Amino acid sequence: MRIVTWNINSLRLRLGLLRHLVDALAPDVLCLQETKVPDALFPDAAPGALGFGHVARRGMKGYNGVAVLSRHPLVVDEAAPDWGGRGDCRHLAASVSLPGGEVLDLHNFYVPAGGDVPDRTVNPKFAHKLDFVDEATAWFRATGPRRRCVLVGDLNIAPLEHDVWSHKQLLGVVSHTPPEVERLNAWRDSGFVDAVRHFVPEDQKLYTWWSYRNRDWKASDRGRRLDHVWVSPDLRPNLGGYRILREARDWDGPSDHVPVAVDIDL
DNA sequence: ATGGTAGCGGAGCTA
């Protein structure tokens, strides 16, 4: 069972790259963020052509948007919260029915980026980000503990020192500030383990995002690990491997994020 | 301290 998460930064603009992704990783379940397409304009024929017979999507005009493309049947959990009551299309919860009759619970998140100034008293976007993570943490605590559950997405926070290219230089930069990191850790500790760091020691650099604003992303390599895969603790023994598809950052017309894959033996 | 690029939608917001 291979689960992939990717902030595609416009589904319609990068439909062609999905073929590259399927060729490279052959996901069973593909979770997308920043689809930037309202449901009425979703390219309905595309997933089937790539072998994904089951689709869940939640999109809006212009911004945000999440989708799940799956080779196995999906049931969307419509009762999951609308975080902040904003109708923001930042979360899809679904159950995946596996061939053996087992069910996997899936959460696909796009956490607010939080703007530029890491001060909630002057930057409402930063306040929104912190509140979003607090609300999610409280909900997962209140409704847990979970089994056979996977949470993925662009969480827009790089928690560890080596999840950014320079811990010192990014301590005051939104995505790596202490209040964000504390909250992300509390959210994870509400009932998950970090599936990628399960395989990679904390003293090794790991990035999933490189800004468009660098002349040469590879040469400067100023990346951050913003995209995550978490699993409930019962699945830890089932973790089979991971892959961060760095090469995707060099695809023609790339997203600024690259796909992250985790294999779970089920 | 600043500016650098990208997507949506058709100016300015968001990232």
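Since the structure is predicted, the reported quantities are computational estimates derived from the model, not experimental observations. In what follows, every chain begins at residue 1, and chains take the letters A, B, ... in the order their sequences are listed.
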>> Each nucleotide in nucleotides 4-13 of chain B should get exactly one letter: B, S or -. Can you fill that in based on protein heavy atoms under 4.0 Å?
In response: BBSSSS---B
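When all heavy atoms of Ser232(A) and Asp234(A) are compared, the closest pair comes out as OG-OD1, 2.6 Å.
Ring geometry, Phe140(A) versus Phe192(A): the interplanar angle exceeds 60°, so the pair is classed perpendicular (tilted spans 30 to 60°).
Counting heavy-atom neighbours within 6.0 Å of Glu247(A) CD, excluding the residue itself, gives a total above 12.
With Trp209(A) as the aromatic partner, Arg224(A) does not meet the cation-pi criteria of under 6.0 angstrom to the ring centre and within 45 degrees of the ring axis.
Atom CG in Asp116(A) sits roughly 14 Å away from atom C1' in dA1(B) (whole-Å rounding). We find that CZ of Arg222(A) is positioned 17 Å from P of dG3(B), with the value rounded to whole Å. Going from atom CG of Asp256(A) over to atom P of dT14(B) covers 17 Å, rounded to whole Å. Atom P of nucleotide dA15(B) and atom CD of Glu180(A) are separated by 13 Å, given to the nearest angstrom. With rounding to whole Å, Ile8(A) atom CD1 is found 16 Å from dA15(B) atom C1'.
Rounded to whole Å, the separation between the P atoms of dA6(B) and dT2(B) comes to 23 Å. Across the P atoms, dG7(B) and dA1(B) are found 30 Å apart, a figure rounded to whole Å. A gap of 16 Å separates the C1' atoms of dA15(B) and dG9(B), to the nearest Å.
Proximity of Leu18(A) to Phe52(A): side-chain heavy atoms (C-beta onward) are nowhere separated by under 4.5 Å.
Pairs engaging residues 100-114 of chain A under the side chain to side chain donor-acceptor pair (under 3.5 Å) rule: Gln33(A)-Asn108(A), Glu34(A)-Tyr110(A), His91(A)-His107(A), Ser95(A)-Asp105(A), Glu102(A)-Arg148(A) [sequence neighbours left out].
Within the 4.0 angstrom heavy-atom criterion, only backbone atoms of the sugar-phosphate kind lie near Arg90(A); the bases stay farther away.
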